[in-house]
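Data first, discussion second: the structure below is written as structure tokens.
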Amino acid sequence: MFEKLISCKSEVSIRCGQDEIKGIITNYYSAFRLLKIRNILIPIELIEQIEVLEPPSSSAGLSSIRRGSLRLVAQEKVSNQV
């Protein structure tokens, strides 16, 4: 799951409790269960939500994957033009 976010280089918002970090996930260290974003290492056990801010052009609509307390959300931007 994290490998796809890394390869797409999508900007994400990661929420851990009251903290929220925005950026691009650059590495996933599976042996240590750590994500690296903006030179910050985050244990995946502490992540409450990951939201994709720039979905790849090939995906459409809203997609959500749940795994334990981890929640990955991708939402397409909607224009409110009349």
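All residue numbers in this chain count up from 1 along the given sequence.
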Can C16 and I42 be said to form a side-chain contact (heavy atoms from CB on, under 4.5 Å), step by step?
CA-CA 9 Å; C16 301; I42 304 170; 3.8 Å; yes
Does I40 share a hydrophobic cluster with I6, counting links as ILVMFWY side-chain heavy atoms below 4.5 Å and allowing steps through other members?
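Yes, because I40 and I6 connect within a single hydrophobic cluster, where side-chain heavy atoms sit under 4.5 Å apart.
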Test item: [X] and [Y] side chains (from C-beta on) under 4.5 Å apart, heavy atoms:
X	Y	value
N27	F2	no
I14	I37	yes
L35	Y29	no
L34	Y28	no
K4	C8	yes
V12	I24	no

Sidechain-backbone polar pair: [X] side chain, [Y] backbone, donor-acceptor under 3.5 Å:
X	Y	result
R38	K22	yes
E48	G17	yes
T26	K36	yes

Rounded distance [0.5 Å steps], CZ in R15 versus CG in L46:
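Reported to 0.5 Å precision, the distance equals 13.0 Å.
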Interatomic spacing from OG in S10 to CD1 in I50 - rounded to 0.5 Å:
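Result: 12.0 Å between the selected atoms.
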Cut-off 3.5 Å, side chains only: do E51 and S13 have a donor facing an acceptor?
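On atom types as modelled, these side chains do not qualify, holding no pair under 3.5 Å.
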Which is it for E45 and R33 under the salt bridge (charged side-chain N to carboxylate O under 4.0 Å, His left out) test, yes or no, and what are the steps along the way?
CA-CA 8 Å; E45 291 82 17; R33 300 179 52 85; 2.5 Å; yes
